[in-house]
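Notes follow once the structure below has been shown.
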Amino acid sequence: MKMKILIATLIITTIAYVGLPGSKERSLFSTRSNIVNTLGDHEFKGHFKAGFHHRKGVLDPIYKMQMKAESWKKTTKEYKDYIISTAKENGYI
C-alpha cells in the first residue's frame, strides 16, 4: 500500500511541477540533478521515508535535507533560486 501511495505522489508531483509547456516549473525539470533532488531527496526521502509534512510558517527539515543532499550541488542556479525563494516565502527556512 505504501508503495502505491509513493508512486501516486511522485506522479502527481511530476505533473504539478512540469505543468504546461513553457512554464517556469517545467524548466525546473531540465536536468537529472533537479529531478533527483525534487523527487528523490524532497518527495521520497523527506515526505515518504521521514514522514515530514509542510506547515506554513514552520521551519521545515525537508528543505534543509534537500539542500544538503549530494544532488543539490549539481542542480541549476534557476532551480536553487526557485527552491530557496519558495521555502522563504512560506517560512520553511
Side-chain angles (χ1 to χ4, degrees):
M1 180 67 167
K2 272 191 165 187
M3 188 54 73
K4 286 182 183 179
I5 293 170
L6 169 65
I7 292 168
T9 301
L10 293 177
I11 291 169
I12 291 166
T13 303
T14 302
I15 292 168
Y17 272 102
V18 171
L20 299 172
S23 70
K24 183 176 184 171
E25 288 76 13
R26 186 181 187 115
S27 68
L28 297 176
F29 276 78
S30 62
T31 68
R32 181 178 176 265
S33 293
N34 291 8
I35 294 167
V36 168
N37 192 260
T38 298
L39 298 180
D41 297 313
H42 183 102
E43 296 299 331
F44 179 72
K45 292 178 183 173
H47 288 296
F48 184 74
K49 254 182 130 176
F52 296 132
H53 302 284
H54 302 304
R55 287 190 1 207
K56 194 167 183 120
V58 176
L59 293 180
D60 192 328
I62 295 175
Y63 284 96
K64 286 183 182 180
M65 191 171 71
Q66 181 178 6
M67 291 177 205
K68 288 181 181 179
E70 189 65 29
S71 63
W72 179 259
K73 296 174 190 171
K74 296 180 182 178
T75 58
T76 63
K77 181 184 179 332
E78 179 186 31
Y79 177 86
K80 286 181 177 95
D81 291 346
Y82 179 85
I83 295 298
I84 292 168
S85 172
T86 300
K88 284 182 179 179
E89 284 173 19
N90 289 291
Y92 298 149
I93 60 171

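Here, residue 1 is the first one in the sequence, and each next residue gets the next number.
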Any chain of hydrophobic side-chain contacts (each under 4.5 Å) joining Tyr92 to Tyr82?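 Same hydrophobic cluster.
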If you group Ile, Leu, Val, Met, Phe, Trp and Tyr by side-chain heavy-atom gaps below 4.5 Å, do Ile84 and Val58 land in one group?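 Per the 4.5 Å side-chain linkage, Ile84 and Val58 are not co-clustered.
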Donor-acceptor contact present, side-chain Lys80 to main-chain Trp72, <3.5 Å: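 Yes, the answer is positive, given that a donor and an acceptor are paired below the 3.5 Å cut-off.
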Which residues satisfy the side-chain contact (heavy atoms from CB on, under 4.5 Å) test with Ile62, sequence neighbours excluded?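 Ile62 satisfies side-chain contact (heavy atoms from CB on, under 4.5 Å) with His42, His47, Phe52, His54, Asp60 once adjacent residues are dropped.
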Test side-chain contact (heavy atoms from CB on, under 4.5 Å) applied to Thr31 - qualifying residues, sequence neighbours left out: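 Counting only residues at least two positions away or on another chain, Thr31 forms a side-chain contact (heavy atoms from CB on, under 4.5 Å) with Ser33, Asn34, Thr76.
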Let me see the working for Phe44 and Lys49 under side-chain contact (heavy atoms from CB on, under 4.5 Å), right down to the final yes or no. CA-CA 6 Å; Phe44 179 72; Lys49 254 182 130 176; 3.6 Å; yes
Can you give me the closest heavy-atom contact between Thr38 and Tyr79, atom names plus distance?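 The answer is OG1-OH, 2.7 Å.
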Let me confirm one number: the [atom1]-[atom2] distance from [X] to [Y], rounded to the nearest 0.5 Å.
X     : Y     : atom1 : atom2 : value
Glu70 : Asn37 : CD    : CG    : 11.0 Å
Asp41 : Met67 : CG    : CE    : 12.0 Å
Glu78 : Ile83 : CD    : CD1   : 10.5 Å

Can a donor-acceptor pair be found between the side chains of Tyr63 and Thr86 at a distance below 3.5 Å?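 No.
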